[in-house]
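These notes are about the structure you will find just below.
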Amino acid sequence: MTKEKLLSDQEALLVLKKIDSMYSGAKSELIWDSKFHLLCAVLMSAQTTDKMVNRVMPKFSQDFPTPSDLANASIEEIEDDIKKIGLYHSKAKHLKASAKIIAEKYHGHIPKNKKELMSLPGVGEKTANVVLAEGFGVPAIAVDTHVSRISKAFKIVPANATPHEVEKRLEQLLPKDDWIHTHHAMIHFGRYTMPARAKNKDPYSYLPD
């Protein structure tokens, strides 16, 4: 069995710079009006599209403006607002439970700490990183399916790399100031330029010369 040949740091950085240059204005497409609603939107976005989350957020935000409002709502009320998105039963439970902790333990404020964020029900590393990057401007790389797939397609990481391993490899390659923008550029590249259904299997054919 031959060992998988990975890109050198220099080669990997060149690929990332090219992707970055293709989407210089890349940013999150989720719509939110507070750090609390950002957290809710990211929690909802698992295994569904940002567009679908954006459709339910206006009414959700109006019905549950604060963590206390959401914590005190019934599961049925929450489900009614988010039933158009996938896995809405479990997401409603996570939203309510997280809101209760935020209201009681953090006095309605979203924690600016990765470990504390990940202690909230349903919040994993990706969700925590999105909240830190978008809500607080803290350098972070949120590894979603696009970031993971692209990193593997270009052999920046091994084919069996976990999301955490992808995150650590990209952090090691990129200057900290580039973490937020480059990961958004990778998401846009995976979403609009080289989608999972792309027929051309050579990833370099999607990059500029």
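Every heavy atom of this structure was used, including side-chain atoms; hydrogens, water molecules and symmetry mates were not.
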Without swapping roles, check the side chain of [X] against the backbone of [Y] for a donor-acceptor pair under 3.5 Å.
X    : Y    : value
K91  : A46  : yes
K84  : M52  : no
H181 : S24  : yes
S21  : K18  : yes
N72  : S68  : yes
S205 : D202 : yes
S98  : P121 : yes
K96  : A71  : yes
K126 : D144 : no

Heavy atoms, side chains only, cut-off 4.5 Å: are [X] and [Y] in contact?
X    : Y    : answer
L70  : F60  : yes
L39  : K35  : no
E125 : M118 : yes
S151 : M186 : yes
P158 : K152 : no
V147 : V166 : yes
T66  : D69  : yes
S61  : D33  : yes

Indicate the atoms forming the closest heavy-atom contact of [X] with [Y], along with that distance.
X    : Y    : answer
A73  : I78  : CB-CG1, 4.1 Å
N54  : I31  : OD1-N, 2.8 Å
L38  : G135 : CD2-N, 3.4 Å
I141 : W179 : CG1-CB, 3.6 Å
A92  : I75  : O-CD1, 3.9 Å
W32  : H37  : CB-C, 4.1 Å

| request: Please report the C-alpha distance between H89 and E79 in whole Å, then the side-chain angles of each, then the deciding distance to 0.1 Å, and finally whether the side chain to side chain contact (heavy atoms under 4.5 Å, CB included) criterion is met. | output: CA-CA 6 Å; H89 289 300; E79 286 184 347; 2.8 Å; yes
| task | Using distance alone, with no hydrogens and no angle criterion, decide if Q172 and D9 have a side-chain donor and acceptor under 3.5 Å apart. | result | yes
| said: Can you list everything that forms a side chain to side chain donor-acceptor pair (under 3.5 Å) with Y192? Sequence neighbours excluded, please. | reply: E29
Can you measure from [atom1] ([X]) to [atom2] ([Y]) and round to the nearest 0.5 angstrom?
X    : Y    : atom1 : atom2 : result
L117 : T127 : CG    : OG1   : 9.5 Å
H146 : R191 : NE2   : CZ    : 5.0 Å
S8   : Q10  : OG    : CD    : 6.0 Å
T182 : I187 : OG1   : CD1   : 11.0 Å
M44  : L87  : CE    : CG    : 13.0 Å
D81  : D63  : CG    : CG    : 4.5 Å

| message | Using the ring centroid of each side chain, check whether Y204 and F154 are separated by less than 6.0 Å. | response | yes
| message | Go through it in stages, so that I can follow the logic: the residues are I85 and V56, the test is side chain to side chain contact (heavy atoms under 4.5 Å, CB included), and I'd like the CA-CA distance, side-chain angles, deciding distance and then a yes or no. | response | CA-CA 8 Å; I85 63 174; V56 305; 4.3 Å; yes
| Residue of the set I82, L43, T48 for which side chain to side chain contact (heavy atoms under 4.5 Å, CB included) holds with V53 | T48
Hydrophobic clustering (ILVMFWY, side-chain heavy atoms < 4.5 Å, transitive) - are [Y] and [X] grouped together?
X    : Y    : result
V131 : F36  : yes
L6   : V143 : no
L13  : Y206 : yes
I180 : I19  : no
F64  : M57  : yes

| request: May I ask you to say whether R169 pairs ionically with E165, meaning some side-chain N is under 4.0 Å from a carboxylate O? | output: no
| query | Thinking salt bridges, do K59 and E77 make one under a 4.0 Å N-O criterion? | reply | no
| said: Is it the case that over 12 heavy atoms from other parts of the model lie below 6.0 angstrom from the NZ atom of K93? | reply: no
| Crowding at NZ, K168 (>12 non-hydrogen neighbours, <6.0 Å) | yes
| query | Could you walk me through whether L14 and L7 pass the side chain to side chain contact (heavy atoms under 4.5 Å, CB included) check? | reply | CA-CA 10 Å; L14 181 60; L7 297 188; over 6 Å; no
| request: Output, in order, the C-alpha distance, side-chain angles, deciding distance and verdict of side chain to side chain contact (heavy atoms under 4.5 Å, CB included) for H109 and I102. | output: CA-CA 6 Å; H109 299 289; I102 292 165; 6.0 Å; no
| The single option from E167, H183, E134 passing side-chain hydrogen bond (donor to acceptor under 3.5 Å, both in side chains) against N129 | E167
| By side chain to side chain contact (heavy atoms under 4.5 Å, CB included), which residues pair with E116, not counting sequence neighbours? | Y106, P111, N113
